[in-house]
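The block underneath contains the structure these notes are about, expressed in structure tokens.
Keep in mind it's a predicted model, so treat the numbers as computed, not measured.
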Amino acid sequence: MTTRAQGPYEYEGPADRPEGYAAYATHDVTNQPPPPAPYDASEDAALLEGLRREGAGWAEEGLRRLGLRAGSVQAQEWGELANRHEPVLRTHDRYGNRIDEVEYHPSWHHLMSVAVGEGLAASAWADDRPGAHVARTAGGLVWGHTEAGHGCPTSMTYAAVPALRRQPELAKVYEPLLTSREYEPGLRMPTEKRGLLAGMGMTEKQGGSDVRTNTTAATPTAEPGVYTLRGHKWFTSAPMCDVFLVLAQAPGGLSCFLVPRVLPDGSRNTFRIQRLKDKLGNRSNASSEPEFDGTVAWLVGPEGQGVKTIIEMVNCTRLDCVMASATLMRKTLVEAGHHVRHRRAFGARLIDQPLMRNVLADLALESEAATTLTLRLAGAADRAVRGDAGEAAFRRIATAVGKYWVTKRGPAFTAEALECLGGNGYVEESGMPRHYREAPLLSIWEGSGNVNALDVLRALGRSPETAHALFGELALARGADARLDAAVVRLESGLASASETGARRLVELMALTLQASLLVRHAPPAVADAFCASRLGGDWGHAFGTLPDGADLGGILGRALPDEA
């Protein structure tokens, strides 16, 4: 009898079945969840309420459209492929000419094109509508469900604009291109492109966060404002950006410079990429060590004021670190919720088992607190840009507080979310290992935990108005929850005896009281009460999933994961 093989589980002609076929044919896959995509990455009550509250309700329709695209099968595949096929450094062309280019998988360019086109780079600076910066942050919270690496060049481009404005003649040339919604990869004359991306080169191997010890030297040329640089940067991400803001030692001290990859005459500037970093995570995004040798640069801001010039840039990138951590929390919570809804053990769905519900509800509290704080920081940034001095003072201290705390919570959060999938979450195909490797990065970049904690103390010491702004914010929730009121009293006492040794403990309390005050004012009672009871009232363990017995788990899950609860 002639037979035809149809596939691994099908065979025509019972007489011709191979030996052992029956056992193989009965391998039915059961008790496994379906693929999570497609889904709506914007379907998050805390996100949408925060968007409206912080003045960007006008952006909701576009955000919802972006959410559907972010959760689509195609976009999720782009994120996976961009990380599977990592960037490749090409130092020379086939003829031996030095080119210092990095090749990316097409999926990277698809992700970048959407991100820039949706205004997630610098276009908010060209948008006069109140809430433009909030809308951008909310877009990042949604589009970040694809993957995190390509958020680096968009973040740096966003952050470069306020620093570049310290040199108006340069801003006049470059800002319209940086704020463009056109993504045009490839090294060409900047003024001949439809849109530009900006990077930064601050740290060097002997100093790291202590940028004042940089040894890259800047030598003035005969042309005013133009210098040549010589030195070696230790960590410069996204080296295929068009321009970079870098720090170097000029005759007048540490200064900020604009370094284009291609000079105005069309020639390549000296930007020798020595190697790409072999990083724990964020592998879709190339991070490099460039060497400057006679590299042409333009001074941005006065000589000797490099740190002061880039401080606004740091405020922006730190906000984006908070945003990315909050995004990672939400993404992994959604993945965990999807899994436990479809997975059964011991006679019941995981989502219906009390202890798993406690774990998910605890994660949901953390995620909502992170998202709500992120949008409050974005609102402060938006209003500070428009001249609100009180919001500028609040932004100064609260961004550093949020950067310290939210990014610190990320690794523990993603580990717990991964554990909800059990062994399924430990394999690469699930995507959870990639998220887990990404989580520690956000606490390290733009100032590690110690740097941000000490920056809070510095802000309190040098700018007393920052403390007034913080306590003014906390006062808006006074009397609404006794546990929050007691925590604010503890915070006031802690400020009176603040020390470097206890900086982390103090900043942690600042973050928790700030998050609690926002949830008490804006979240449902189930969320606010459980957060205050656990994070401030001491009715909590040391791991996620230890909420008190009286917590309204159903109310929390019904808000965070309505389809799963």
Side-chain angles (χ1 to χ4, degrees), residues 36-51 54 60 63-64 66-72 75-76 79 115 120 134-148 151 319-341 359-378 402 405-421 425 430-432 434-436 438-439 441-443 515 518-519 522-524 527 531 544 556-565:
Y39 71 99
D40 184 354
S42 69
E43 193 58 45
D44 177 5
L47 167 66
L48 296 175
E49 290 170 11
L51 178 78
E54 298 298 338
E60 184 170 342
L63 188 70
R64 287 182 175 273
L66 184 61
L68 290 172
R69 191 167 191 185
S72 69
Q76 291 296 306
L120 306 186
V134 177
R136 175 195 172 268
T137 298
L141 286 164
V142 167
W143 186 244
H145 279 237
T146 55
E147 74 93 39
L319 170 59
D320 279 6
C321 285
V322 181
M323 174 191 73
S325 285
T327 304
L328 193 58
M329 289 182 188
R330 179 64 189 175
K331 169 65 172 174
T332 53
L333 175 63
V334 168
E335 296 275 2
H338 176 79
H339 180 87
V340 301
R341 180 189 178 197
V359 171
L360 280 178
D362 213 351
L363 292 174
L365 289 180
E366 197 74 31
S367 175
E368 175 152 356
T371 297
T372 302
L373 177 57
T374 298
L375 291 168
R376 176 66 183 92
L377 296 176
W405 182 242
V406 175
T407 62
K408 276 275 180 253
R409 301 298 287 156
F413 187 105
T414 52
E416 196 68 61
L418 183 155
E419 189 175 325
C420 291
L421 278 66
S430 73
M432 291 298 242
R434 169 159 60 93
H435 303 323
Y436 184 60
E438 194 72 36
L441 165 73
L442 298 162
S443 182
Q515 288 182 320
L518 290 168
L519 295 180
H522 305 303
V527 173
F531 189 90
F544 288 107
I556 298 168
L557 291 174
R559 174 174 171 81
L561 300 167
D563 292 338
E564 306 349 308

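- Screening residues 409-418 for side-chain hydrogen bond (donor to acceptor under 3.5 Å, both in side chains) gives Glu366-Arg409 as the qualifying pairs, with residues at least two apart or on separate chains.
- You'll find the side chain of Leu47 reaches within 4.5 Å of the side chain of Leu63, heavy atoms only.
- At least one side-chain heavy atom of Met329 sits under 4.5 Å from a side-chain heavy atom of Val406.
- Salt-bridge formation is detected for the pair Arg136/Asp320: a Lys NZ or Arg NE/NH1/NH2 atom is positioned less than 4.0 Å from an Asp or Glu carboxylate oxygen.
- Taking the side chain as every heavy atom from C-beta outward, Met432 and Thr332 approach each other to under 4.5 Å.
- Here the CD1-CG distance, from Ile556 to Leu365, works out to 4.0 Å after rounding to the nearest 0.5 Å.
- The CD atom of Gln515 lies 8.5 Å from the OG1 atom of Thr372; values are rounded to the nearest 0.5 Å.
- The pair Arg434-Glu438 does not count as a salt bridge, with every side-chain nitrogen at least 4.0 angstrom from each carboxylate oxygen.
- The shortest distance between side-chain heavy atoms of Phe531 and Glu368 does not fall below 4.5 Å.
- Side-chain contact between Glu60 and Leu51 is present, with at least one heavy-atom pair separated by less than 4.5 Å.
- The shortest side-chain heavy-atom distance between Thr327 and Trp143 does not fall under the 4.5 Å cut-off.
- Closest of all the heavy-atom pairs between Ala364 and Ala560 is CB-CB, 3.5 Å.
- Considering CD of Glu49 and OG1 of Thr371, their distance stands at 11.5 Å, rounded to 0.5 Å.
- Note that CG of Leu375 and CE of Met323 are 10.5 Å apart. Values are rounded to the nearest 0.5 Å.
- In this structure, Ser367 contributes its side chain and Leu363 its backbone to no donor-acceptor pair below 3.5 Å.
- Using a 4.5 Å heavy-atom threshold, the side chains of Asp44 and Val142 count as separate.
- No donor-acceptor contact under 3.5 angstrom links the side chains of Tyr39 and His338, judged on distance only.
- The shortest non-hydrogen separation linking Ser443 to Thr407 is CA-OG1, 3.4 Å.
- Put simply, CG on Leu66 and OG1 on Thr146 are 9.0 Å apart, with the number rounded to the nearest 0.5 Å.
- Between His339 and Cys420 there is no side-chain heavy-atom pair separated by less than 4.5 Å.
- To the nearest 0.5 Å, the span separating OG1 on Thr137 from CG on Leu377 amounts to 9.0 Å.
- Although no hydrogens or angles enter the test, the distance criterion places a donor-acceptor pair under 3.5 Å between the side chain of Gln76 and the main chain of His145.
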